[in-house]
Amino acid sequence: IRAMNVRSEDPLFGPDAARLGRDLIEQGTASDIAVVRERLTAIWTDPVIDVWLKSANAHLDGARPCDVLIVNGPEAVLEAAAVEVAGGSR
């Protein structure tokens with residue numbers, strides 16, 4: 001096995017790699033949350049949406065929408081939001 005030449009100033013392998021990863025996740029999550037919030041503003045105010053994002057959700061098998069966004073992306077959360085907008089029945 002040949003060793004890789006990794007420079008410490010390389011952002012993917014240097015001391016800032018973890019921060020870079022966190023920043024990328026936060027940016028992606030922030031845009032996903034904005035899309036979900038936009039969908040839910042049809043029926044709720046911002047404080048209610050905040051509670052919904054942080055609460056266990058039956059449409060997500062008990063997971064919190066904010067956690068599902070981070071781990072799996074927006075698709076399932078948008079489906080759960082669509083169910084809420086349509087009347088909230090499972």
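Hydrogens, waters and symmetry mates play no part in the numbers below; they use all other heavy atoms, side chains included.
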Residues at least two apart in sequence or cross-chain that pass side-chain contact (heavy atoms from CB on, under 4.5 Å) with S55, listed by chain then number, are V51
Donor-acceptor list for residues 40-49 side chains, cut-off 3.5 Å, not counting sequence neighbours:
| unit_1 | atom_1 | unit_2 | atom_2 | d |
| --- | --- | --- | --- | --- |
| T41 | OG1 | E38 | O | 2.8 |

So among I70, V68, L69, which one has a side-chain contact (heavy atoms from CB on, under 4.5 Å) with D32? L69
According to salt bridge (charged side-chain N to carboxylate O under 4.0 Å, His left out), who are the partners of R64, at least two apart in sequence or on a separate chain? D67
How close do A56 and G62 get, heavy atom to heavy atom, and via which atoms? CB-O, 3.3 Å
With N72, which residues qualify under side chain to side chain donor-acceptor pair (under 3.5 Å), at least two apart? none
For W52 versus N57, what's the shortest heavy-atom pair and its separation? NE1-ND2, 3.2 Å
Pair listing, salt bridge (charged side-chain N to carboxylate O under 4.0 Å, His left out) test, anchored in residues 69-82, at least two apart: none
Between V77 and P65, the two heavy atoms sitting closest are CG2-O, 3.6 Å
Could you please spell out the steps behind the side-chain contact (heavy atoms from CB on, under 4.5 Å) verdict for E84 and H59? CA-CA 9 Å; E84 297 290 353; H59 305 290; 3.8 Å; yes
By side-chain contact (heavy atoms from CB on, under 4.5 Å), which residues pair with V35, not counting sequence neighbours? L78
